[in-house]
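Below you'll find the structure, written out as C-alpha cells, and then a few comments.
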Amino acid sequence: MPELPEVEVTRRSVEPLVVGQIIRDVRLGKPLRWPLSCEPSSLVGSSIKAVRRRAKYLLLELDEGLLLIHLGMSGSLQFHRERAAPGPHDHFDLVLCSGLLRLHDPRRFGAVVWIRSPEDPLADKLLGAWGVEPLSDEFTVQALWRGLRATRAPVKQLLLAGRVVVGVGNIYACEALFRAGIRPTSRSDRIGMARVIRLHAAIRAVLLQALAAGGSSLRDFASVDGTLGHFQTQTMVYGRAGAPCRVCGTAIKVMQQAQRSTYFCAICQR
DNA sequence: CGGCCGACCTGCGGGC
DNA sequence: TGCCCGCAGGTCGGCC
C-alpha cells in the first residue's frame, strides 16, 4: 500500500493518538525486514514526542532516539483502545496508556527500527541518500530538471528510485507521467523543459489528490481509525490495462519496466 | 558509479 | 470445484 499519500494519511491519523504517550510495553511478532536493533524492553518508559514522515518512513521521535517504521508493501498501522490479541500478521505492538499501536504486515517487507541518533550508521543507511520531499518548497522545477539531466535511465525508473524526489511509487509514477503526457520509457536526460514543468506540477497534483482521497486502498490499506482510501477509483492509468483511456478512449496498455508493471496511454503519452 | 536483477514473504485472483 | 501460476503498493545488496 504505502507510497507517500498512504504513509502521510497514516501519520496524520496516528499523531493525535500517540503524541505525549508513554511506552508501557513492546511486543514483537515474526521477524520483519530489519531487526529492531535494541532490546524491546529498553523502549519501555520512553515517551513519544512527535510523529514525522520522511519519504515513505514514519518517524516516532522518542525521548531518546527515533523509532523508524516502514510499511513495506502490505503494512498498515492500527490503533486499538482496548487490549486486542494479535493475529498471525501482527508483528509489532507498542502498548501505550491510551491504547495499542500495532503494525499489521502480512508480507513482512515492513520494518520497525530504533535509531539512537542522527549519527547512527543505521540512520545514514536508511534515511541518508534520499531526494527531496515532493510537497516541500525544496521540490522545485530546477531540482527536478537537474535530477533528470543527470541520468540516461527511463524517466519512470528515475522517479521510482527516489534519488531526486521521494514518495513516488508505482501507482503515482504511472499517474504523474500520464498527467504530464510523458512516455514512461523516455530517457530522463532528453526530456525538455516544457515537459519537466508539466511533470513537476503533475507529481504534486497527483499526490495532493491522493492525499485528499485518503490514499489508495488496493487490498486493505486503511488509516489508523480504519477509514479506507479511495484514490484507486480515480486512477487514470494504474490498474486499468485494457480499459478505455479517460481522455481519448484508447485502451490503456501495460508493460514491464525493471520488473514493475507500467500502465500508460500510447496516445496521450508520447 | 549507474543500472539491472534477484531476493525477501504471503495472499489472492484468474485461467485451466 | 480446485490447483497452480503470476502478480502485488518497496528497496536493498550483489553483480556487471
Side-chain angles (χ1 to χ4, degrees), chain A residues 1-11 29-35 37 53-58 68-77 87-92 103-113 121-131 146-177 184-189 206-207 210-211 213-223 228-235 237-242 254-263:
Chain A
M1 76 178 231
E3 301 182 37
L4 184 149
E6 294 76 30
V7 179
E8 180 61 22
V9 162
T10 300
R11 190 198 69 77
K30 286 188 186 177
L32 294 161
R33 175 157 193 181
W34 298 298
S37 90
R53 180 189 55 76
R54 169 67 178 129
K56 297 170 187 170
Y57 290 98
L58 283 171
L68 175 155
I69 300 175
H70 197 285
L71 301 176
M73 288 280 262
S74 57
S76 57
L77 290 182
H89 301 307
D90 297 329
H91 301 301
F92 183 83
L103 175 64
H104 174 84
D105 186 7
R107 291 177 72 183
R108 292 193 281 127
F109 289 176
V112 181
V113 179
L122 268 176
D124 204 49
K125 176 186 165 191
L126 298 177
L127 299 173
W130 293 105
R146 281 194 299 270
L148 288 164
R149 301 302 292 179
T151 176
R152 303 151 68 115
V155 60
K156 190 212 177 196
Q157 283 156 244
L158 180 71
L159 293 180
L160 288 184
R163 264 171 306 170
V164 177
V165 59
V166 299
V168 179
N170 208 30
I171 298 177
Y172 302 110
C174 292
E175 292 298 306
L177 287 165
T185 47
S186 302
R187 252 178 67 162
S188 298
D189 59 350
V206 76
L207 293 176
L211 263 176
S216 299
S217 294
L218 292 193
R219 280 177 183 72
D220 56 0
F221 167 71
S223 69
L228 295 176
H230 57 272
F231 183 80
Q232 70 280 4
T233 64
Q234 301 173 26
T235 61
V237 288
Y238 185 86
R240 300 192 65 242
V254 61
M255 67 179 166
Q256 293 301 120
Q257 273 187 294
Q259 292 136 279
R260 313 293 302 276
S261 291
T262 296
Y263 298 86

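All values below come from the heavy atoms of this structure, side chains included, with hydrogens, waters and symmetry mates left out. Values in this document were obtained by computation on a predicted structure and should not be read as measured data. Numbered from 1 within each chain, the chains take letters A, B, ... in sequence-line order.
Rounding to whole angstrom units, CZ of residue A:R152 and C1' of B:dC4 are separated by 15 Å. When rounded to the nearest whole Å, the span between CG of A:L127 and C1' of C:dG10 equals 15 Å. C:dG10 atom P lies 16 Å from atom CG of A:L68, rounded to whole Å. Between the CD atom of A:Q256 and the C1' atom of B:dG6 there is a distance of 15 Å, given to the nearest Å. The interatomic distance linking A:D105 (CG) with B:dT10 (P) rounds to 10 Å, in whole Å. Counting to the nearest Å, the C1' atom of C:dG10 and the CZ atom of A:R163 are 15 Å from each other. Summarising the geometry, the separation between CG on A:L218 and C1' on B:dC12 is reported as 13 Å, rounded to the nearest angstrom. As a whole-Å value, the separation of A:I171 CD1 from C:dA8 P is 11 Å.
Using cut-offs of 30° and 60° on the angle between ring planes, the pair A:Y172 and A:F231 is tilted.
Side-chain N/O atoms of A:R107 include none lying less than 4.0 angstrom from OP1 or OP2 on C:dG10. A close approach under 4.0 Å does not occur between any side-chain nitrogen or oxygen of A:Q259 and OP1 or OP2 of B:dC4. Dashed line: the shortest gap from a side-chain N or O of A:S261 to OP1 or OP2 of C:dA8 is under 4.0 Å. Here A:H89 reaches the OP1 or OP2 of B:dG11: one of its side-chain N or O atoms lies under 4.0 Å away. Between A:T151 and B:dG3, a side-chain N or O to OP1/OP2 separation shorter than 4.0 Å is present.
Side-chain N or O atoms of A:D90 include none that pairs as donor or acceptor with a backbone N or O of A:G29 at under 3.5 Å. In this structure, the side chain of A:H230 engages the main chain of A:A213 through a donor-acceptor pair within 3.5 Å. In this structure, the side chain of A:Q257 engages the main chain of A:P184 through a donor-acceptor pair within 3.5 Å. A donor-acceptor contact shorter than 3.5 Å links the side chain of A:S217 to the backbone of A:G229.
In this structure, A:P106 and A:A150 both approach DNA chain B, and ranking their closest nucleotides by distance from the 5' end singles out A:A150.
Taking atom P in both C:dG13 and B:dC9, one finds a spacing of 15 Å when rounded to whole Å. Between C:dC7 and B:dC5, the distance separating the two P atoms is 15 Å to the nearest Å.
With a 3.5 Å limit on both pairing distances and Watson-Crick or G-U wobble geometry required, the stems of 3 or more pairs in DNA chain C span B:2-8 with C:10-16, B:10-16 with C:2-8.
Among the protein residues, A:A153 comes within range of the sugar-phosphate backbone only, with heavy atoms under 4.0 Å from sugar or phosphate atoms but none that close to a base.
Annotation: side chain of A:R108 is in contact with side chain of A:K30 (closest heavy-atom distance under 4.5 Å). The shortest distance between side-chain heavy atoms of A:I171 and A:E3 falls below 4.5 Å. Between A:L4 and A:R53, some side-chain heavy-atom pair lies under the 4.5 Å cut-off.
Between the side chain of A:R108 and the base of B:dC9, no donor-acceptor pair under 3.5 Å is found.
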Which letters describe nucleotides 11-16 of chain C, given B = protein heavy atom under 4.0 Å from base, S = only from sugar-phosphate, - = neither?
BSS---

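Residues A:G75 and A:L103 approach most closely at CA-CD1, 4.4 Å, considering heavy atoms.
Screening residues 149-171 of chain A for ring-ring contact (aromatic ring centres under 6.0 Å, His included), with sequence neighbours left out, gives no hits.
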